[in-house]
Asker: 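Structure in structure tokens, see below.
Just so we're clear, the structure is a prediction, and the values are computed from it rather than from any experiment. The sequence lines fix the lettering, A, B, ..., with proteins before strands; numbering per chain opens at 1.
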Amino acid sequence: MSRYTAAEIESKWQQAWTRSETFKAVRDVSKPKYYVLEMFPYPSGKLHMGHVRNYTMGDVIARYKMSTGHNVLHPMGFDAFGMPAENAAMAIGGHPKEWTYSNIDTMVEQMKPLGLSLDWSRMFATCDPEYYGQQQSLFLDFLDEGLVYRKNAVVNWDPVDMTVLANEQVEGGRGWRSGALVERRELTQWFFKISDYSEELLDALETLDNWPAKVRLMQENWIGKSRGLQFSFERTDGADPIEVYTTRPDTLMGASFVGISPDHPIAKELEADNSELADFLAECRKGGTTEEAIETAPKLGYDTGITVKHPLNPDWELPVWIANFILMDYGTGAIFACPAHDQRDLDFCRKYDLPVVDTFLDLDAPKPVENEAFVPPKEQKVKWINHFAGLDEATGQDAIDATIDFAEKAGWGQGVTKFRLRDWGLSRQRYWGCPIPVVHCDACGVVPEKKENLPIELPDDVTLDVPGNPLDRHPTWRDCACPSCGAPAKRETDTMDTFVDSSWYFARFTAPRATTPTVAEDAAYWMNVDQYIGGIEHAILHLLYSRFFARAMHICGHLPETAKEPFDALFTQGMVTHAIFKNAERTDENGRAIYHYPAEVEERDGVTVVKETGEKVDVIPSAKMSKSKNNVVDPVDIITSYGADTARWFVLSDSPPERDVEWTASGAEAAFKHLNRVHRIATDVIASDAGNPNEDEALLREMHKAIRDVTLGVESFGFNASIAKLYAFTNALAKSKASSAAKRDATRVLAQLMSPMTPHLSEEIWQLLGGEGLIINAPWPVADEAMLVEASVTLPIQINGKRRAEISVPKDMPKEEVEKLVLAHEAVIRTLDGAQPKKLIVVPGRIVNVVI
RNA sequence: GCGGGCGUGAUGGAAUGGUAGACAUACCAGACUUAAAAUCUGUUGGGCGUAUGCCCGUGUGGGUUCGACUCCCACCGCCCGCACCA
């Protein structure tokens with residue numbers, strides 16, 4: 001009897017697949033195509049368990065689809081531009097390019113032993129000039145179509161390092177290297193006109209039936225369609241009126257003040273000759289640019305001294321305040337505040353002693369607002385106070401509609417639909433990204449580069465030892481001829497947001513070596529991505545940008561109309577986590593917690609301790625794997641000790657795919673034991689003689705149930721359920737007394753059902769048991785409906801909703817007869833004690849409930 | 001702050017509104033073994049009871065229903081995103 005030697009088996013079958021080019025995707029109109037894609041990785045240099053889980057899921061789908069007669073495209077690439085490469089160059093020297101490509105080599109070497117069904121011939125990295133050159137070409141096409149433009153936008157500015165900071169580089173409002181307080185600063189930058197597509201991107205969400213509802217909801221909220229009232233407050237000093245936008249015009253009678261953003265033109269105008277105000281605005285401009293930083297900053301206000309007239313009552317004057325929580329990007333950058341029905345406004349008014357006026361009260365508990373704003377759902381009916389349009393009891397929504405209507409008729413306001421979605425700023429003041437292919441010419445202004453000059457390649461001779469963009473300080477790279485007039489000119493040194501790179505890579509995979517961004521026949525054949533798999537952290541930005549890009553590429557003729565929604569189905573998988581072992585008895589010399597590696601601790605009498613010292617350890621379960629917490633499990637180690645099939649089996653087995661899975665040594669061990677067991681069963685089947693000649697119908701039934709349930713699990717991302725079923729089937733097979741021929745057939749089916757998860761072991765068993773060709777090319781088993789039908793069912797009998805007994809009845813026994821049987825049941829008679837049941841509920845084939 | 005999600009035995013988790021705890025881990029017991037490992041078999045939500053059995057139990061509190069892990073409301077805790085991280 002041979003033992004299960006994963007390393008041998010896995011390399012043998014990987015070679016077999018490579019030899020026969022099993023996973024090479026070739027256009028073939030005679031077969032239905034299937035495009036499965038996992039979000040491509042950033043080349044950090046180390047494959048982690050999250051990658052293994054992500055790619056294994058995709059691989060299960062890809063292999064299953066191959067077995068069901070599909071022509072599968074399953075590619076892999078690298079999202080290779082970005083800050084970590086620059087950070088590494090700064091920290092350890094070297095060049096981002098070398099760092100990145102060497103990491104890619106390492107990761108490919110780590111990925112290959114997983115036995116993924118990838119078409120490696122299509123691989124590319126976004127930092128390949130062949131890729132980003134095509135991206136520059138797309139940018140120029142977008143420019144032609146008016147999909148890109150320039151405007152001013154705010155960035156994080158480090159006043160000490162004199163450089164732009166990413167949000168990630170701002171820690172607690174300070175620059176991560178200099179420690180200086182971060183300021184907000186305006187720069188001229190490039191923008192994609194994604195906001196023009198707000199309505200379309202919103203409406204099309206409804207067509208994405210195979211996307212998680214939560215992702216669609218998050219995108220819907222992000223796009224943020226709202227209907228509100230736009231109108232102006234006349235200034236008492238006769239200057240230009242202040243235009244505001246509000247989604248709650250119904251609360252106009254509760255207005256307390258008019259608020260404008262610190263970036264509002266009026267604020268900037270007043271700043272010029274008011275040093276106190278200038279100081280206040282400088283204070284407001286401190287801190288990061290994230291919405292979170294702005295929303296959670298302490299509320300600050302400044303009374304401008306300007307007053308405005310209430311539109312419904314010219315005698316009612318409202319003060320104009322500058323408030324730091326008002327965003328210039330949304331609406332008109334000016335609001336009116338209604339503190340009674342908005343907590344933020346209320347806090348502000350209490351702080352600055354501004355009036356609070358109720359406009360409506362709770363029907364059930366009418367009491368004036370004190371320190372908690374009354375903010376009922378818009379659908380809730382409320383009691384109105386002195387409403388100008390005569391409302392008494394009405395919902396907020398009715399009042400909003402009535403107010404808009406009223407304002408439009410009276411002519412002082414207009415109902416307006418607005419979106420929260422802002423245009424996508426793509427300029428980055430960094431080296432390791434795709435250069436924006438434009439030239440700045442003194443005579444011609446901003447001029448697009450000629451397509452024949454693409455790719456505009458990044459220079460290799462740069463240094464990153466000082467802050468700032470090395471392209472700016474390069475001695476010659478900026479110098480070029482103006483594409484328009486030919487005079488000496490300067491290249492743009494900003495590069496593109498890495499989100500641009502990942503917004504069309506899925507389309508590039510359909511023709512990765514083409515000299516145009518895409519090729520019509522390939523795009524038409526392979527698009528759309530039938531199944532896209534990735535982390536929930538990409539629910540909004542990456543997916544929304546990709547949806548926009550697909551539309552923009554369609555406009556420029558690079559994608560067919562049908563690819564405007566590029567991802568037919570989306571699945572968001574959970575993380576792989578691992579316990580953290582934190583020393584409970586001491587910290588390091590700097591007072592920081594000490595984290596122990598899993599190998600350093602053990603359990604003694606139910607307490608986890610450090611092996612060497614016996615110190616107690618706090619176990620924090622299920623935490624994100626992190627280098628600093630010493631809880632990272634390296635897939636390479638697992639593959640070395642157990643094999644890829646074990647790693648694959650485990651990451652699929654213990655949790656539903658959308659949820660986090662905790663990596664445990666015992667779980668990995670269990671997976672390994674199971675694969676050993678299956679291998680043993682297969683070798684035993686061959687070794688045994690004819691054995692018991694009896695057929696085992698129970699085993700056959702179990703097999704057909706397994707076929708049905710495993711298939712269902714694979715098709716619906718219930719991989720954990722598929723695996724549970726495979727355990728059950730394996731148990732049945734191990735216990736079966738069937739003939740060896742019958743067991744051989746069942747074992748072959750077991751190998752097939754396991755093959756998407758454990759492809760190497762399955763190929764091996766298939767070969768051992770005399771299967772023809774490769775298991776990957778064998779058709780997927782089909783369940784025999786006749787074997788799935790049970791003749792009788794067990795009906796639980798509930799009394800008042802609690803299970804008390806059960807009866808076994810023929811599957812299609814009429815209700816009346818079931819009722820008779822139930823009433824005659826000993827437990828029911830005992831409980832009824834002569835009384836009549838109030839009600840008898842029989843759900844055929846399901847349950848019986850006796851209500852007494 | 002805003003938006004989204006999650007919460008079930010010792011542990012990971014299963015359960016179209018219909019027997020809560022499938023499957024696995026861990027633990028315990030047994031078989032095999034000189035012994036251990038491996039393997040195989042069995043037990044295991046908590047409590048009461050000799051027992052037929054009874055009571056409690058899906059984060060907390062309410063509600064809808066013949067029946068709620070599942071639907072509704074409120075609360076608590078944890079996680080993800082917030083536009084320059086990828």
Asker: What is the glycosidic conformation of B/G9: syn, defined as within 90° of 0, or anti?
Answerer: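 B/G9: syn.
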Asker: Where do A/Y131 and A/W504 land on the ring pair (Phe, Tyr, Trp, His ring centres under 6.0 Å) test, with the steps shown first?
Answerer: CA-CA 10 Å; A/Y131 181 80; A/W504 71 286; 4.5 Å; yes
Asker: Between A/E295 and A/K725, name the one whose nearest nucleotide on RNA chain B is closer to the 5' end.
Answerer: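 It is A/E295 whose nearest nucleotide is closer to the 5' end.
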Asker: Please state whether the phosphate of B/G4, meaning OP1 or OP2, lies under 4.0 angstrom from any side-chain nitrogen or oxygen of A/N221.
Answerer: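 For B/G4, OP1/OP2 do have a side-chain N/O of A/N221 under 4.0 Å.
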Asker: Hey, does A/F499 reach any base, or is it just sugar-phosphate, or nothing, if we go heavy atoms under 4.0 Å?
Answerer: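 A/F499: base contact, heavy atoms under 4.0 Å.
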Asker: How far does the C1' atom of B/U39 sit from the matching atom of B/U50, given to the nearest Å?
Answerer: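 Here B/U39 and B/U50 have their C1' atoms 38 Å from each other.
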Asker: Within the structure shown, what part of the strands sits under 4.0 Å from A/S427 by heavy-atom distance: base, sugar-phosphate, or nothing?
Answerer: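 Touches a base.
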Asker: For nucleotides 65-71 of chain B, give me one character per nucleotide, 5' to 3': B if any protein heavy atom sits under 4.0 Å from the base, S if the only such contacts are to the sugar-phosphate, - if neither.
Answerer: -BS----
Asker: Residues two or more places apart in sequence or in another chain: which of them pass salt bridge (Lys or Arg N to Asp or Glu O under 4.0 Å) with A/D501?
Answerer: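 Once residues adjacent in sequence are excluded, A/D501 has no partner under the salt bridge (Lys or Arg N to Asp or Glu O under 4.0 Å) criterion.
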Asker: Between the base of B/C6 and the side chain of A/R659, is there a donor-acceptor distance below 3.5 Å?
Answerer: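 No pair found.
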Asker: Select base, sugar-phosphate, or nothing to describe what A/A539 touches, counting heavy atoms under 4.0 Å on all strands.
Answerer: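 Result for A/A539 = nothing.
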Asker: What residues form a side-chain hydrogen bond (donor to acceptor under 3.5 Å, both in side chains) with A/E826, not counting sequence neighbours?
Answerer: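 A/R830.
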Asker: Using a cut-off of 4.0 Å on non-hydrogen atoms, how would the nucleic acid contact of A/Q189 be classed: base, sugar-phosphate, or nothing?
Answerer: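 It contacts base atoms.
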Asker: Describe the nucleic acid contact of A/P656 in one word from base, sugar-phosphate, nothing, applying a heavy-atom distance below 4.0 Å.
Answerer: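 Sugar-phosphate, no base atom in range.
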Asker: Do A/Y42 and A/W432 have ring centres separated by under 6.0 Å?
Answerer: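 Distance test on ring centres: not under 6.0 Å, no.
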Asker: Pairs under 3.5 angstrom, nitrogen or oxygen only, protein versus nucleotides 53-56 of chain B, please.
Answerer:
| unit_1 | atom_1 | unit_2 | atom_2 | d |
| --- | --- | --- | --- | --- |
| B/C55 | OP2 | A/R804 | NH2 | 2.8 |

Asker: How long is the straight-line distance from CG of A/N469 back to CD of A/E86, given to the nearest 0.5 Å?
Answerer: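 Separation between the atoms: 7.5 Å.
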Asker: Do A/E291 and A/R420 sit within salt-bridge range, that is, some charged N less than 4.0 Å from a carboxylate O?
Answerer: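 So A/E291 pairs with A/R420 through a salt bridge.
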Asker: Output yes when at least one side-chain N/O atom of A/T498 is less than 4.0 Å from OP1 or OP2 of B/A86, else no.
Answerer: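 Result: yes.
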Asker: Pairs under 3.5 angstrom, nitrogen or oxygen only, protein versus nucleotides 77-83 of chain B, please.
Answerer:
| unit_1 | atom_1 | unit_2 | atom_2 | d |
| --- | --- | --- | --- | --- |
| B/C82 | N4 | A/E292 | OE1 | 3.3 |
| B/C82 | N4 | A/E292 | OE2 | 3.3 |
| B/A83 | OP2 | A/E291 | N | 2.9 |
| B/A83 | O2' | A/R422 | NH2 | 3.3 |
| B/A83 | N6 | A/R420 | O | 3.1 |
| B/A83 | N1 | A/R422 | N | 3.0 |

Asker: Regarding A/G667, tell me which of base, sugar-phosphate or nothing describes its non-hydrogen contacts under 4.0 Å with the strands shown.
Answerer: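 Result for A/G667 = nothing.
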Asker: When you compare B/U64 with B/G17, how far apart are their C1' atoms, in angstrom units rounded to a whole number?
Answerer: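 After rounding to an integer number of Å, I get 12 Å for this pair.
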Asker: Taking the six-membered ring for Trp, are A/Y727 and A/F729 ring centroids under 6.0 Å apart?
Answerer: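 Between A/F729 and A/Y727, which both carry aromatic rings, the centre distance is not below 6.0 Å.
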Asker: Could you pull out all residues at least two apart from A/E295 that satisfy salt bridge (Lys or Arg N to Asp or Glu O under 4.0 Å)?
Answerer: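 For A/E295 the salt bridge (Lys or Arg N to Asp or Glu O under 4.0 Å) partners, ignoring immediate neighbours, are A/R344.
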Asker: Would you confirm whether the ring centroid of A/F650 sits within less than 6.0 angstrom of the ring centroid of A/W663?
Answerer: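 Yes, ring centres under 6.0 Å apart.
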Asker: Answer yes or no: are there more than 12 heavy-atom neighbours, outside A/K381 itself, under 6.0 Å from its atom NZ?
Answerer: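 Counting other residues, nucleotides and ligands, NZ of A/K381 stays at 12 neighbours or fewer.
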Asker: If I take atom CG from residue A/D423 and atom CG from residue A/L421, how far apart are they, to the nearest 0.5 angstrom?
Answerer: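 Interatomic distance, A/D423 CG to A/L421 CG, rounded to 0.5 Å: 7.5 Å.
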Asker: Looking at A/F191, is A/K151 sitting on its ring face, NZ or CZ under 6.0 Å from the six-membered ring centre and within 45 degrees of the normal?
Answerer: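 Flagged: A/K151 positioned over aromatic ring of A/F191.
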Asker: C1' atom, B/U60 versus B/C76: distance in rounded Å?
Answerer: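 Per the computed distance, 7 Å lies between those C1' atoms.
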Asker: Kindly compute the distance separating CG (A/L570) from CD1 (A/I536), expressed to the nearest 0.5 Å.
Answerer: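 Spacing of CG (A/L570) from CD1 (A/I536) equals 8.0 Å.
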Asker: Between A/F325 and A/F348, is the ring centroid distance below 6.0 Å?
Answerer: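 Ring-ring flag for A/F325/A/F348: true, centres closer than 6.0 Å.
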Asker: Going by ring pair (Phe, Tyr, Trp, His ring centres under 6.0 Å), name the residues that satisfy it together with A/Y545, two or more places apart in sequence or in a different chain.
Answerer: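 So A/Y545 forms a ring pair (Phe, Tyr, Trp, His ring centres under 6.0 Å) with A/W424, A/F499.
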Asker: Please list each protein N or O that sits under 3.5 Å from an N or O in nucleotides 28-33 of chain B, with the distance.
Answerer:
none

Asker: Where each pair must be Watson-Crick or G-U wobble with both distances under 3.5 Å, what dot-bracket representation of RNA chain B is obtained, with crossing pairs in [ ] and other-strand partners as |?
Answerer: (((((((..(((.....[....)))(.((((.......)))).)((((....))))..(((((..]....))))))))))))....
Asker: Cation-pi check, A/R216 to A/W211: give yes when NZ or CZ is under 6.0 Å from the six-membered ring centre and within 45° of the ring axis, no otherwise.
Answerer: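 Geometry flag: not set, cation outside 6.0 Å or 45°.
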Asker: Base contacts versus sugar-phosphate-only contacts with protein, heavy atoms under 4.0 Å: please encode nucleotides 36-45 of chain B as B, S and - from 5' to 3'.
Answerer: ---SSSS---
Asker: Rounding to the closest angstrom, what is the interatomic distance between B/G5 and B/U44 at atom P?
Answerer: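 Those two atoms are separated by 38 Å.
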Asker: Under the ring pair (Phe, Tyr, Trp, His ring centres under 6.0 Å) test, which residues partner A/Y505, sequence neighbours left out?
Answerer: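 A/F40, A/F509.
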Asker: Applying salt bridge (Lys or Arg N to Asp or Glu O under 4.0 Å), name anything that partners A/D329, two or more places apart in sequence or on another chain.
Answerer: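 With sequence neighbours excluded, A/D329 shows a salt bridge (Lys or Arg N to Asp or Glu O under 4.0 Å) to A/R422, given in chain and number order.
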Asker: Determine whether any donor atom in the side chain of A/R846 lies under 3.5 Å from an acceptor atom in the base of B/U16, or the reverse, and answer yes or no.
Answerer: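 Side chain to base: pair found, below 3.5 Å.
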Asker: Looking across every strand, which nucleic acid part, if any, lies under 4.0 Å from A/V164 by heavy atom: base, sugar-phosphate, or nothing?
Answerer: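 Here A/V164 touches the bases of the nucleic acid.
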Asker: Nearest 0.5 Å please: distance from the CE atom of A/M39 over to the OG1 atom of A/T572.
Answerer: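 Spacing of CE (A/M39) from OG1 (A/T572) equals 8.0 Å.
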